[in-house]
Amino acid sequence: MIFKKNFQNLLLFFPIAILIFLIALGFDGLYGQDGYEYARYAIKLREFLLGGEFPGDVVWPKVYLFILATFSLALPISLAGQLISLLAFYACYYFLKKTISLLYGSNEKAEPFLLIAFLLSPYILRLSVVVMADTFAMLSVIATAYYYFRYKKSSKLVDIALCVLWGTLGVFSRYAVLVPIAPFLLWAMVHWLGIKKWKHLVVLTIPIFVFFINLLLEGSGSKFTNHHLIENWSFLNLFKSEFFAPAGLEISNRNYLLPNGIFYFFSFFHPGFFVLLGVAMLVNIKKLREYLRLSPSPLIISIILYSIFLSGITFQGNRYIALSYPLFLIFSFPAIRDFIERLKKNYATLIVGCVLLQLTLFVRAMWPSYNMNETERNLVAEMEPFEGSVLYSFEVDISMQQRGLDFQYISLWKEEIKDFQSGALVVFNEPRIAKLYTDKNPMKNWNRLQQDYSLNPIKKMKSGWTLYKIEKR
C-alpha cells in the first residue's frame with residue numbers, strides 16, 4: 001500500500017519535472033501564431049492595467065488574457081503562461097477525480113489509471129507546458145460539470161453560483177466552451193425550476209458582470225460568430241475531408257485522411273490521449289448500454305454536441321477535442337474499472353507499462369512543438385546581427401517581433417507587392433511555403449522577387465530559412 005501511494009505521488013510530480021526539464025532546455029512555451037499573440041496582447045493589457053494606453057483589438061475573449069496579464073506582473077510573460085497552464089492542468093485533474101468520486105464512488109485500483117489517462121496523457125500533458133488558453137478552458141468545462149452535479153444533489157446556492165461562475169469564465173476565455181457546458185447549464189436551470197429557490201437568481205449577475213468587463217476591453221477585431229471557422233461551419237462538413245482556405249486568411253488548404261465526423265467522434269481513442277481507453281471500451285463493448293445508463297444525460301449530450309460542433313468546422317486538430325476529453329474520461333470510467341478487474345493479476349505490470357508507454361508517446365507528441373520553439377529561438381539569434389533593416393517576411397515575423405527583434409517588417413502575406421525596396425532584406429523558406437501556400441500571396445510575391453530582382457543570399461540558417469538581400473537587376 002505504501003509503495004502504491006508513493007508511486008502515485010511520484011506520478012503526480014512528473015508533469016512538474018517535465019516542465020522544469022523543458023525550461024532547462026530553453027523551451028519557453030511560445031511557438032506558432034496563437035501563443036505569441038496571447039503574449040503580445042497580455043503585455044499590452046498589463047500596461048493598460050498599470051495606467052497605459054488601451055491595448056487595442058484581439059480576436060479572443062479577455063478572461064484568460066486578463067489572468068495572463070496579472071501573472072506577468074510578477075513573472076516573465078512566457079513563464080507566467082506556462083505556470084497558468086500547469087496550475088489549470090492540475091486543477092482539471094482535481095475536479096476530474098472529484099466528479100468521478102461523486103458519480104461512481106471511489107475505486108483505489110482505478111485511480112492510478114485515471115492519473116495515467118489524464119496527467120500523463122501525451123496531448124494533455126503537452127498543453128500543460130505551453131502558453132495557451134487550452135488547459136484553463138478545459139478546467140472551466142470540468143469545473144462547470146462538477147458543480148452542476150453538486151447542485152443537483154445539494155440544491156445549494158454556492159454550488160449553482162460556482163457552476164455559473166466557471167461556465168462564464170470559460171466562455172469569456174474561449175467562446176467554444178459554450179458548446180460543451182450548455183447542457184450542464186440547461187439541466188441546472190431545469191433543476192432550479194423544480195426546487196423554486198428564487199434567491200438563486202442572483203447568480204445571473206455573474207455572467208452579466210463578466211460580460212461587461214469583457215465588453216470594456218472589446219474591440220472591432222474581437223470575434224464570436226464571425227470567426228472564419230464559425231462562418232464556414234456546416235453539417236455537411238461531417239462527411240468531408242478536404243477544405244479550401246477562405247480568401248484573405250493566413251492558412252493553407254487542408255486535405256485530411258478521414259472525414260471530420262469520424263475524426264472527431266473517434267479522436268478520444270487516439271494513442272495521443274490514452275492507448276488503453278479504446279481497448280477498455282472495446283473489451284467491454286457489450287456493456288455499452290449499461291455505461292450509457294450509468295452516465296448522466298447532460299454528460300452524454302455534452303460530449304456528442306461538442307463532437308458534432310467540431311465536425312462541422314473546416315479544420316481537424318486533437319487540440320480542440322481536448323476540451324471535452326475530461327468529460328469522456330468520466331463517461332469511460334466504468335469501462336476502465338471493469339477492464340482493470342479483468343487484469344487484476346497483472347495489475348502492477350499494467351500500471352508500469354502504461355506509464356512508460358505514455359511518457360514515450362509524450363516525447364513523440366511534444367517533439368514538433370519543441371522543435372518549432374527551438375527553430376524560432378535559433379532564427380531570432382541568427383537574425384539579430386541584421387536588426388534595423390527593412391525586412392520582408394512571412395510566418396516567422398510574429399516570433400521575431402515578440403522576441404524583440406528590431407526590423408521594419410513588411411508582410412509578404414497581406415497583399416501582392418509590386419515594387420520591393422532595393423537593399424532591403426527578405427527571409428524565406430521556399431520549400432515549406434511553396435508546399436503550404438502555393439497560390440497565396442507569399443508565393444506570388446516570392447515569384448515576383450525572383451523574376452524582377454536579384455536575390456543575394458546572405459545567410460542560410462539551420463532551420464531551412466534563408467536571408468537574402470534584394471538588389472536591382
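Below, each value reflects all heavy atoms present in this structure, side chains not excepted, and no hydrogens, waters or symmetry copies.
What you find for W413 and N441 is that their closest heavy atoms are O-ND2, 2.8 Å. In terms of heavy atoms, F309 sits closest to W233 at O-NE1, 2.6 Å. In plain terms, the two heavy atoms of F265 and F268 that are nearest each other are O-CD1, 4.2 Å. Counting all heavy atoms, side chain and backbone alike, V129 lies closest to F27 at O-CE2, 3.4 Å. Between S311 and G261 the shortest heavy-atom distance is OG-CA, 3.6 Å. Considering every non-hydrogen atom in both L277 and Y325, the closest pair reads CD2-CE1, 4.0 Å.
Checked by atom type and distance alone, the side chain of N445 pairs as donor or acceptor with a backbone atom of E415 at under 3.5 Å. With hydrogens and angles ignored, the 3.5 Å screen pairs no side-chain donor or acceptor of R403 with any backbone N or O of V380. Counting only distance, with no hydrogens or angles, the side chain of K153 and the backbone of L102 share a donor-acceptor pair below 3.5 Å. The closest donor-acceptor contact from the side chain of R448 to the backbone of K418 lies at 3.5 Å or more, if one exists at all. Remark: the backbone N or O of L238 is not paired with any side-chain donor or acceptor of N260 at under 3.5 angstrom. Side chain of N371 to main chain of W367: no donor-acceptor pair is present (N/O by atom type, distance under 3.5 Å, no hydrogens or angles). S399 places a side-chain N or O within donor-acceptor distance of the main-chain N or O of V396, the cut-off being under 3.5 Å. A donor-acceptor contact shorter than 3.5 Å is absent between the side chain of Q33 and the backbone of E395. Between the side chain of T144 and the backbone N or O of S140 there is at least one donor-acceptor pair closer than 3.5 Å. Within the 3.5 Å criterion, the main-chain N or O of F118 finds no donor-acceptor partner in the side chain of S121.
One finds the CG atom of N237 at 12.0 Å from the CD atom of E242 (value rounded to the nearest 0.5 Å). Here the straight-line distance linking atom CE of M281 with atom NZ of K287 works out to 12.0 Å at 0.5 Å rounding. Note that the SG atom of C92 and the CG atom of L87 stand 11.0 Å from one another [nearest 0.5 Å]. The structure places OG of S85 at 9.0 Å from CG of L68, a figure rounded to the nearest 0.5 Å. To the nearest 0.5 angstrom, S302 atom OG is 4.5 Å from F184 atom CZ. To the nearest 0.5 Å, atoms CZ (F331) and CD1 (I303) are separated by 6.5 Å.
Within a 6.0 Å radius of OH in Y409, other residues, nucleotides and ligands contribute more than 12 heavy atoms. Within 6.0 Å of the CG atom in L257, the count of heavy atoms belonging to other residues, nucleotides or ligands does not exceed 12. Residue-environment remark: NZ (K44) stays at or below the threshold of 12 foreign heavy atoms within 6.0 Å. No more than 12 heavy atoms of other residues, nucleotides or ligands lie within 6.0 Å of CZ in F266, so this atom counts as exposed by the packing criterion.
Here W60 and Y38 bring their ring centres to under 6.0 angstrom of each other. Side-chain rings of Y264 and Y306 stay apart, their centers remaining 6.0 Å or farther from each other.
Side-chain contact between L391 and I410: absent, with no pair of heavy atoms (C-beta onward) separated by less than 4.5 Å. At least one side-chain heavy atom of M461 sits less than 4.5 Å from a side-chain heavy atom of M383. Put simply, the side chain of I84 reaches to within 4.5 Å of the side chain of I67, judged on heavy atoms. Using a 4.5 Å heavy-atom threshold, the side chains of L125 and L119 count as separate. Contact annotation: the side chain of V283 approaches that of R342 to within less than 4.5 Å [non-hydrogen atoms, C-beta and beyond]. Residues I313 and F243 are not in side-chain contact: their nearest non-hydrogen atoms beyond the backbone lie 4.5 Å or more apart. Between F394 and I433, the closest side-chain pair of non-hydrogen atoms falls below 4.5 Å. Between L294 and E290 the shortest side-chain heavy-atom distance falls below 4.5 Å.
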Result block: side-chain N/O donor-acceptor pairs under 3.5 angstrom for residues 349-364, not counting sequence neighbours:
{"from": "Q358", "atom 1": "NE2", "to": "I116", "atom 2": "O", "distance (Å)": "3.1"}
{"from": "Q358", "atom 1": "NE2", "to": "L120", "atom 2": "O", "distance (Å)": "3.3"}
{"from": "Q358", "atom 1": "NE2", "to": "F273", "atom 2": "O", "distance (Å)": "3.2"}
{"from": "T360", "atom 1": "OG1", "to": "L356", "atom 2": "O", "distance (Å)": "2.8"}

Atom pairs and distances, donor-acceptor, side-chain atoms in residues 11-23, under 3.5 Å, two or more places apart:
none

List the atom pairs, donor and acceptor, that lie under 3.5 Å between side-chain atoms in residues 167-174 and the rest of the protein, sequence neighbours left out.
{"from": "T168", "atom 1": "OG1", "to": "V164", "atom 2": "O", "distance (Å)": "2.7"}
{"from": "S173", "atom 1": "OG", "to": "Y64", "atom 2": "N", "distance (Å)": "3.3"}
{"from": "S173", "atom 1": "OG", "to": "L169", "atom 2": "O", "distance (Å)": "2.8"}
{"from": "R174", "atom 1": "NH1", "to": "D134", "atom 2": "OD2", "distance (Å)": "3.0"}

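Using a 4.0 Å cut-off between a side-chain N of Lys or Arg and a carboxylate O of Asp or Glu, R377 and E374 do not qualify as a salt bridge. Residues D338 and K286 are not paired through a salt bridge, judged by the lack of any N-O separation under 4.0 Å between the basic side chain and the carboxylate.
Note on ring orientation: taking the six-membered ring where Trp is involved, the planes of F328 and F269 are perpendicular (angle over 60°, cut-offs 30° and 60°). Note: F136 and W166 have tilted aromatic rings, judged against thresholds of 30 and 60 degrees for the angle between ring planes.
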When you look at H191 and Y148, which way does the ring pair (Phe, Tyr, Trp, His ring centres under 6.0 Å) test go after all the steps?
-> CA-CA 10 Å; H191 181 73; Y148 157 71; 7.8 Å; no

Derivation and outcome, side-chain hydrogen bond (donor to acceptor under 3.5 Å, both in side chains), residues Y31 and S369 | CA-CA 7 Å; Y31 67 94; S369 303; 3.3 Å; yes

Step-by-step side-chain contact (heavy atoms from CB on, under 4.5 Å) determination, V130 to Q82 = CA-CA 5 Å; V130 299; Q82 288 177 296; over 6 Å; no

I would like to know whether V131 and D28 meet side-chain contact (heavy atoms from CB on, under 4.5 Å); could you show each step before the answer?
-> CA-CA 8 Å; V131 182; D28 58 9; over 6 Å; no

Apply side-chain contact (heavy atoms from CB on, under 4.5 Å) to W465 and L379, showing your working.
-> CA-CA 8 Å; W465 294 81; L379 185 65; 4.1 Å; yes

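When each of L139, L329, L327, L115 is checked for a side-chain contact (heavy atoms from CB on, under 4.5 Å) with L96, only L329 meets the rule.
Between the side chains of R150 and Y146, at least one donor-acceptor pair of N or O atoms lies under 3.5 Å. Inspection of the Y36 and Q401 side chains reveals no N or O donor paired with an N or O acceptor under 3.5 Å.
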